[in-house]
Amino acid sequence: MSKEITSRSTDYSQWYNDLVIKGGLADYSAVRGCMVIKPYGFSLWENMRDALDKMFKDTGHVNAYFPLFVPKSLFEAEEKNAEGFAKECAVVTHYRLKTDPSKKGALMVDPEAKLEEELVVRPTSEAIIWNTYKNWIQSYRDLPLLINQWANVVRWEMRTRLFLRTAEFLWQEGHTAHATAKEAVEETVQMLNVYADFVENWMALPVIKGVKTENERFAGAVDTYCIEALMQDGKALQAGTSHFLGQNFARAFDVKFSDKENKLDYVWATSWGVSTRLIGALVMAHSDDQGLILPPKIAPLQVVIVPIYKGEEQKAQIDVKVQELVKQLKAAGVRVKYDDNDNARPGWKFAEYEMKGVPVRVALGLRDLENNTVELARRDTKEKQSVSMDGLPERIVNLLAEIQQAIYNKALAYRDSHITRVNTWDEFVSTLNEKGGFVSAFWDGTSETEDAIKDKTKATIRCIPLDNPEEDGVCVFSGKPAKQRVLFAQAY
RNA sequence: CGGGAGGUAGUUCAGCCCGGUAGAAUACAUGGUUUGGGACCAUGGGGUCGCAGGUUCGAAUCCUGUCCUCCCGACCA
């Protein structure tokens with residue numbers, strides 16, 4: 001069967017690819033490293049986007065849109081940011097094609113149409129946005145400026161993977177400006193909390209909130225806060241970042257404001273983003289060898305109803321019952337589909353919707369009509385039971401909530417059992433090799449140690465957890481004094 | 001960007017070594033029987049063999065280039 005999914009134990013990477021492709025989320029395209037997000041995958045993204053957008057607006061932000069292109073001179077203004085992204089930028093150098101005289105029907109770049117100044121296709125929008133903010137901010141009365149943009153960005157990655165790392169991806173980027181450092185840090189932390197809230201409560205994926213070390217910090221940031229999630233293969237995935245940018249961009253773009261005492265100062269900045277990469281996290285964290293498992297809150301379809309019948313007459317009887325149920329479920333705000341396609345038989349549909357991760361399936365046949373029951377099946381546990389049609393809509397609404405919680409609990413249990421405290425280098429290495437997951441270990445605080453560990457084990461410091469206690473210890477690698485444990489892991 | 005594998009029907013693949021004008025399964029269409037875990041029978045449509053050159057009487061098959069994908073590695077705010 002062409003729809004079969006490679007098992008996790010056979011080939012984890014292939015399993016992931018199978019889920020994305022066969023689950024109907026995305027497809028490869030003719031463009032290197034760029035994917036087509038299919039309707040089912042995009043619907044998932046829309047649900048995520050809508051929930052996040054509401055949270056951004058509830059915390060006082062508004063949406064705007066800035067250009068796709070950044071003039072090179074603006075891009076290079078903030079030196080560290082420019083350097084960090086330089087190696088993966090697509091650059092527009094010409095603005096016109098012409099017919100190729102040496103080849104019929106072919107086009108060539110018109111050498112006469114070379115741009116005076118190259119345009120960088122945004123890998124992130126700090127530069128173009130801060131160049132704009134310069135014109136918008138004069139006084140403390142103009143602050144804070146709290147803007148978000150939903151956009152696509154391009155990063156010319158060497159090796160791409162569907163959703164996890166594509167050359168073009170969709171994301172949101174918030175860019176805020178504040179009068180004080182304190183306020184900007186508060187904004188940075190607030191948005192980190194919004195991300196954690198979203199990922200945990202909507203995506204059912206537990207995360208660890210923390211701060212990045214200097215090595216892992218966003219280019220141009222003073223501090224990078226992050227949420228880190230754990231995938232089923234024991235590798236960590238950065239699910240979102242929120243940066244305190246200090247006055248770096250204000251200096252680079254000369255954005256000053258007058259405070260109440262008429263004193264000029266540079267404004268304080270933050271930026272924060274999550275991307276379609278979250279879909280990759282979702283797929284890898286929850287799904288099984290039968291296909292996707294999607295949390296009800298963001299699943300494009302929450303309930304699918306499959307009729308089981310012999311002949312038109314039975315079908316008509318079932319239709320009547322189902323129409324009523326669909327109406328009730330829709331009234332309760334449930335995303336429901338009645339699949340009465342006659343081409344596919346029930347067994348085929350069961351397998352198909354399991355692959356697509358629809359949380360709840362209702363099957364309804366003549367036997368059920370006689371007994372006033374339906375067969376109710378949940379995707380996460382694959383449990384099936386025959387239940388009464390009375391009070392069914394409420395029951396389904398409750399079941400959806402139960403599934404949402406169960407998926408979260410399962411991921412949480414896995415994550416918690418994969419945070420291992422180690423005290424020696426041997427333990428550190430063997431834990432990474434044999435068990436995976438997060439390794440909590442003392443670190444001497446130096447980049448050299450961090451680099452050396454990465455070199456030897458491929459593990460990086462995912463974060464210094466926000467609630468980290470200060471304790472005295474010795475660095476697991478260097479043996480030097482250390483003040484706290486940090487979380488290491490191999491990561492996507 | 002380095003190493004490996006691959007691109008042939010909508011999909012998964014065989015054919016390639018040894019050149020002779022393309023096949024299976026599945027999907028699709030039609031008709032019939034079916035329908036409580038990926039149904040069956042019959043008939044039918046569908047492919048410039050990734051693209052571009054070259055060798056040859058003749059290329060899916062040999063040669064060169066190029067694009068795309070997958071896996072491993074390097075890189076990855």
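Nothing here was measured: the structure is a model prediction, and the numbers come from that model. Residue numbers begin at 1 in each chain, while the letters A, B, ... track the order of the sequences.
- Comparing A:Leu162 and A:Arg277 by the nucleotide of RNA chain B that holds the closest heavy atom to each, the one mapping nearer the 5' end is A:Leu162.
- For B:G31 and B:G50, the C1' atoms lie 38 Å apart once the distance is rounded to whole Å.
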Self-check item: Trace of the ring pair (Phe, Tyr, Trp, His ring centres under 6.0 Å) decision for A:Trp348 with A:Tyr353
Solution: CA-CA 9 Å; A:Trp348 190 90; A:Tyr353 289 110; 8.0 Å; no
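- Remark: B:U21 base-pairs with no nucleotide in the shown strands. Criterion, Watson-Crick or G-U wobble with two distances under 3.5 Å.
- A:His61 pairs by the side chain to side chain donor-acceptor pair (under 3.5 Å) definition with A:Thr59, A:Glu187, not counting sequence neighbours.
- Regarding contacts with the backbone of B:U35, every side-chain N or O of A:Asn343 stays at 4.0 angstrom or more from both OP1 and OP2.
- B:G15 and B:U61 have their P atoms separated by 15 Å, given to the nearest Å.
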Show every donor-acceptor pair shorter than 3.5 Å between a side-chain atom in residues 279-287 of chain A and any protein atom, with sequence neighbours excluded, or say none if there are none.
from	atom 1	to	atom 2	distance (Å)
A:His286	NE2	A:Met203	O	2.8
A:His286	NE2	A:Ala204	O	3.3
A:Ser287	OG	A:Val283	O	2.9
A:Ser287	OG	A:Ile293	N	3.2

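- Listed nucleotides: B:C75, B:G38, B:C71. Nearest to the side chain of A:Lys87: B:C75.
- In this structure, CD1 of A:Ile305 is placed 22 Å from P of B:U35, rounded to the nearest angstrom.
- In this structure, the ring-ring contact (aromatic ring centres under 6.0 Å, His included) partners of A:Phe477, at least two apart in sequence or on a different chain, are A:Trp425.
- When the C1' atom is used for both B:C13 and B:A9, the distance is 11 Å, rounded to whole Å.
- Nucleotides B:U8 and B:G47, compared at atom P, are 15 Å apart to the nearest Å.
- Set against B:G36, B:C71, B:C75, the side chain of A:Arg345 has B:G36 as its closest nucleotide.
- On the P atoms, B:C72 is 30 Å away from B:C16, given to the nearest whole Å.
- Comparing B:C76, B:U34, B:G36 by their nearest atom to the side chain of A:Ala363 picks out B:G36.
- Nucleotides of RNA chain B nearest to A:Gln238 and A:Gly311 differ in position, and the one nearer the 5' end is that of A:Gly311.
- If you check the side chains of A:Lys454 and A:Asn215, you find no donor sitting under 3.5 Å from an acceptor.
- Annotation: ring-ring contact (aromatic ring centres under 6.0 Å, His included) contacts of A:Tyr133 (sequence neighbours excluded): A:Trp130, A:Trp136.
- When the nucleotides B:G38, B:U69, B:U35 are ranked by their closest atom to the side chain of A:Asp342, B:U35 comes out on top.
- Regarding contacts with the backbone of B:C70, a side-chain N or O of A:Tyr28 is found under 4.0 angstrom from either OP1 or OP2.
- Among the protein residues, A:Gly273 comes within range of no part of the nucleic acid, since none of its heavy atoms lies under 4.0 Å from any strand.
- Of all the residues in residues 366-378 of chain A, A:Leu366, A:Arg367, A:Asp368, A:Glu375 reach under 4.0 Å from RNA chain B with at least one non-hydrogen atom.
- Note on A:Phe169: a base of the nucleic acid sits closer than 4.0 angstrom, heavy atoms only.
- Checking B:G36, B:C71, B:C1 against the side-chain heavy atoms of A:Met158 singles out B:C1 as nearest.
- Checked by atom type and distance alone, the side chain of A:Glu200 pairs as donor or acceptor with a backbone atom of A:Val207 at under 3.5 Å.
- The partner of B:G37 is absent, by the rule that a Watson-Crick or G-U pair needs both atom distances under 3.5 Å.
- Pair assignment for B:G2: B:C72, on the basis of Watson-Crick or G-U wobble contacts that are both within less than 3.5 Å.
- A 3.5 Å limit on both hydrogen-bonding distances identifies B:U30 as the Watson-Crick or G-U partner of B:A42.
- Using atom P as the reference point in both B:U26 and B:C67, the two lie 38 Å apart (nearest Å).
- At the phosphate of B:U34, neither OP1 nor OP2 sits under 4.0 Å from any side-chain N or O atom of A:Lys310.
- As judged by a 4.0 angstrom heavy-atom cut-off over every strand, A:Gly84 is placed among residues making no nucleic acid contact.
- Spacing of C1' atoms, B:A24 relative to B:G19, comes out at 23 Å, to the nearest Å.
- In this entry B:A52 has B:U64 as its Watson-Crick or G-U wobble partner, both defining distances falling under 3.5 Å.
- Between B:C62 and B:A25, the two C1' atoms lie 30 Å apart (nearest whole Å).
- Proximity note for A:Ser13 (side chain, C-beta onward) versus B:C71, B:C76, B:G38: the nearest is B:C71.
- When distances are taken from the side chain of A:Met355 to each of B:C71, B:C75, B:G38, the shortest belongs to B:G38.
- Under the 6.0 Å distance and 45° angle rule, A:Lys134 does not count as a cation-pi partner of A:Phe253.
- Taking 3.5 Å as the limit, the base of B:C68 and the side chain of A:Arg32 contain no donor-acceptor pair of atoms between them.
- The side chain of A:Arg159 places an N or O atom within less than 4.0 Å of a non-bridging phosphate oxygen (OP1 or OP2) of B:C72.
- Counting non-hydrogen atoms of neighbouring residues, nucleotides and ligands closer than 6.0 angstrom, the CH2 atom of A:Trp171 exceeds 12 such neighbours.
- Sequence neighbours left out, the pairs with a member in residues 5-41 of chain A that pass ring pair (Phe, Tyr, Trp, His ring centres under 6.0 Å) are A:Tyr12-A:Trp15.
- Atom-to-atom, CD of A:Glu157 to P of B:C70 comes out at 14 Å; the value is rounded to the nearest Å.
- The side chain of A:Lys458 sits closest to B:G73 out of B:U34, B:G73, B:C71.
- Looking only at distances, a side-chain donor or acceptor of A:Asn81 sits under 3.5 Å from a matching main-chain atom of A:Ala219.
- One can find a donor-acceptor pair under 3.5 Å joining the base of B:G37 and the side-chain atoms of A:Lys384.
- Base pairing annotation: B:A59 forms no Watson-Crick or G-U wobble pair, as no partner gives both donor-acceptor distances under 3.5 Å.
- One can place NZ of A:Lys349 at 13 Å from C1' of B:U34, the figure rounded to the nearest angstrom.
- Among the nucleotides B:C68, B:G37, B:U34, the one closest to any side-chain atom of A:Phe350 is B:G37.
- Counting atom types as modelled, A:Glu354 pairs a side-chain N or O with a base atom of B:G37 as donor and acceptor under 3.5 Å.
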